[in-house]
There are 4 protein chains.
Amino acid sequence: MTDTPHRRGADRTEAIMRATLELGQEIGYAKLSMEAVATRAGASKQTIYRRWPSKAALLFDSLLSVNAPALDYPDTGDIVADLRTQIHSAVDLLTGPPVGPLFRALISEAQHDPQIAAALNERFIGPQADKTVARLRKARDEGQLSPAFDLTLAMAILSGPLYFQLLITQEPLTHAYVDRILDALFTGLGPSPRIERSSSARERDHRGRLTPPAAT
Amino acid sequence: MTDTPHRRGADRTEAIMRATLELGQEIGYAKLSMEAVATRAGASKQTIYRRWPSKAALLFDSLLSVNAPALDYPDTGDIVADLRTQIHSAVDLLTGPPVGPLFRALISEAQHDPQIAAALNERFIGPQADKTVARLRKARDEGQLSPAFDLTLAMAILSGPLYFQLLITQEPLTHAYVDRILDALFTGLGPSPRIERSSSARERDHRGRLTPPAAT
Amino acid sequence: MTDTPHRRGADRTEAIMRATLELGQEIGYAKLSMEAVATRAGASKQTIYRRWPSKAALLFDSLLSVNAPALDYPDTGDIVADLRTQIHSAVDLLTGPPVGPLFRALISEAQHDPQIAAALNERFIGPQADKTVARLRKARDEGQLSPAFDLTLAMAILSGPLYFQLLITQEPLTHAYVDRILDALFTGLGPSPRIERSSSARERDHRGRLTPPAAT
Amino acid sequence: MTDTPHRRGADRTEAIMRATLELGQEIGYAKLSMEAVATRAGASKQTIYRRWPSKAALLFDSLLSVNAPALDYPDTGDIVADLRTQIHSAVDLLTGPPVGPLFRALISEAQHDPQIAAALNERFIGPQADKTVARLRKARDEGQLSPAFDLTLAMAILSGPLYFQLLITQEPLTHAYVDRILDALFTGLGPSPRIERSSSARERDHRGRLTPPAAT
DNA sequence: CGCTAACCGAGACGGTACGTCATGTCTTAAA
DNA sequence: TTTAAGACATGACGTACCGTCTCGGTTAGCG
């Protein structure tokens, strides 16, 4: 009476996703087989297929089931500091286990599964991008940024290089790299004399620029 | 003896890669099977495995075999115009068939095959990035950019959003989008009043900035 | 409350057997699945398993539920005519739908299900054989057959070749073939000149013989 | 180099059939699974399916592979003795392992697989029946039987009751039962006084009759 | 010019996983 | 309480590819 080998729908769902995450970390999400997940979860393949149409869909839901820390932008009034805080967190999440490998596997799948691509955008990429844009908009509304500041493009410039590093060059994604991009966006692509600058000076300059004025 | 079912070494290599490209375009590179390639090419699986250790390796060589136009930067003296010309070409290449889907498939594979990732970087991404950096360096040396301009980061900011669009949002990668990024990099993230500006005025301003001066 | 999706005990039993017969005729009794029967009958699998322990048992009861004409021997006083009448009827029943295929399927099942074999003998084969033996006994008692006539063996000789034809050679089981066997049993295996013979002559000869006297 | 895990086509065929026979005897031919055969034979399922289109076909070939004693009729000049000898042998073969259960399983399959039915008739039933008919014909030609003796029907009367017993009543098939049928055919359905009769008397009477003259 | 070694296609082979189907048991909710 | 509905673990199905391994047949290049 007390062992209850299995009980209700949701229980199975959870067990399967847990098995997916475990196996994914052990043998890699690319080599994951439905068969192995079923065995590990003590579930039948049918039960898995009842809920998820494909391995990618299972991966996706497993990713969602990871109780990720809510990545909401802080609002200290300092747009750069807030972006930094938030992007550092995002990078930490997307880089480390268990989310990192799973996330990369899903992007990989998204290249030949439009449904996964759509879901990924709707549930993962999009919301996060929206938050970034929203935080930038608030800063612009508060006059910290030029009224004409291109919010969406700024978001792309903040995100793009990170994904480039994550997916293409596959070099480690450090906080320092994030800082370089933030500095480029708001301080300029030039010699970044930020170390010497006082924080008040930095704050005054938060107007969205990649470069200092060229040496005349 | 006029039909010559097959001949010699290199011939086979070519036939196999041709079959790979054909099948990839017909059924998608993800669903491609060595079996199907062998059949289509009139080759035996053994012959394929003799030359390529994995499907990804075959895809990679097939990608290289596409006689892509050399993507070398022009040098008209105008750094922005040259970047624009070159990146437009690159985007056209990476977007359209047959390279586009194949390229995406390879990036997909690279997520779980470090060898492919390395090869992709060494033979594809890296060289192109180097050319971009080189062209930027030349512009800096010629005084068109601030001496402190961060060449590598600029490259990442130029490339990142494009890959983001290609791999993540999977929206069409247009010339217009490339132009927006270029403008952001060199003109600023602001209202881009470039339409009214004379070209000479634009040229004068090529100093690497994302934003106009904030409204004071 | 006019649709009454289902009602009470016996109703279900009937609906399930009807569905079994329908599906059996449509897709064959061998490919019949409990699942399909349940769906067709609008019943749950549990309800089926409550009543029948196996598919074969369900088939068996479905066979019994076919309102087969009672196959009782007529008694006109002419043993051969009566046997002929009765066996013709039996052959017609066992050959045509829906009983034929179902009967064969059950014999098939009986080869690896002793319970079905037993039931088949008790409820189907046995009673019919008993009737044949009884009719033969009566004829013997009336002096139409030799007192030493082996009733059981005669039954086997009458039945055996029919099952041989039904199950093994699977050639059509005709009335003519039945007649040949009857003639062999009562007239002889020889040239059967029965066509020229008067019926009275035939009757006189009903003593149970397979052959005419050999040509001396 | 001496272990040779497997080598040539035919080897596999043999191993698979051996595994089929073994498993069939252990767990029954009805419960036999291709999966189990493959495992036992150390073969892959594909290899099995390459050779046999269905489980029944595999069973059939396995049956043929049993090195059954050639069942050729002796010819001692005494038709009844020869039939007896031969049918006793046939019954022994078809009754005992490994042929018996396999044979019954195949007849079972033949009820819903016309190909098996055809093969069974062509390769198993037919040839044996032909031999019986041929032996009977020889006897007729030699004058031991009436010129008008119906050879085919005699064969059916000899075989039918045996299959009836094997498949339907499933009672043991004894030599004694065979003898009763033979006696019915050649001596008559009557009181069989064969025990007291001299063999010469019996021989004289071999004219193909089921009954003695009725008691007048 | 003929022989031999390398290479080829063909495809069999042991595997692994696929995605589907049916089994028989179980639970739930409605009637 | 009986039911329809259907989830569930199990296990087999038949198929698709994987990567390895003979097989013969054909060149090609050396002798």
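Chain letters run A, B, ... following the sequence lines, proteins first and then strands; every chain starts at 1. Here the structure is a predicted model, which is why all the values come from computation and not from measurement.
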Contact check, side chains of A:Leu64 and A:Phe124, non-hydrogen atoms, under 4.5 Å = yes
Roughly, in whole Å, what's the span from OH in A:Tyr49 to P in E:dA22?
-> 17 Å
Rounded off to whole Å, could you give me the CD1-to-C1' distance for the B:Ile48 and E:dC7 pair?
-> 15 Å
With the side chain counted from C-beta on, respond yes when D:Ile16 and D:Trp52 share a heavy-atom pair under 4.5 Å apart, and no when they do not.
-> yes
Under 3.5 Å, which protein N or O atoms sit close to an N or O of nucleotides 10-12 of chain F? Give each pair with its distance.
none

Figure out the CD1/P separation between D:Ile16 and E:dA12, and round it to whole Å.
-> 13 Å
Sub-4.5 Å side-chain heavy-atom contact between D:Ile107 and C:Gln111 = no
Are any of B:Arg12's side-chain N or O atoms less than 4.0 Å away from OP1 or OP2 of E:dG9?
-> yes
Nearest whole angstrom, please: distance from the C1' of E:dC21 to the NZ of C:Lys55.
-> 13 Å
Hey, can you pull the donor-acceptor pairs under 3.5 Å for the side chains in residues 24-34 of chain A, sequence neighbours left out?
residue	atom	partner	partner atom	Å
A:Glu26	OE1	A:Arg40	NH2	2.7
A:Glu26	OE2	A:Arg40	NH1	3.2
A:Ser33	OG	A:Ala36	N	2.9

Distance test, side-chain N/O of D:Arg50 to OP1/OP2 of E:dC13, below 4.0 Å | yes
Given atom CD1 of A:Ile27 and atom P of E:dT16, what is their separation to the nearest angstrom?
-> 13 Å
Round to a whole Å and report the spacing from CG of C:Leu23 to C1' of E:dC21.
-> 16 Å
Tell me which of D:Ala41 and C:Ser54 sits closer to the 5' end of DNA chain E, going by the nucleotide each one is nearest to.
-> D:Ala41
Below 4.0 Å: OP1/OP2 of F:dA9 and any side-chain N or O of A:Thr47 = yes
Under the side chain to side chain contact (heavy atoms under 4.5 Å, CB included) criterion, do A:Ile168 and B:Leu120 qualify, and how do the steps go?
-> CA-CA 8 Å; A:Ile168 311 289; B:Leu120 212 45; over 6 Å; no
Donor-acceptor pair, side chain of A:Gln170 and main chain of B:Ala110, under 3.5 angstrom | yes
Using whole Å, report how far CH2 of D:Trp52 lies from C1' of E:dA12.
-> 13 Å
Looking only at atom types and distance, does a side-chain atom of D:Ser62 sit under 3.5 Å from a main-chain N or O of D:Leu58, one as donor and one as acceptor?
-> yes
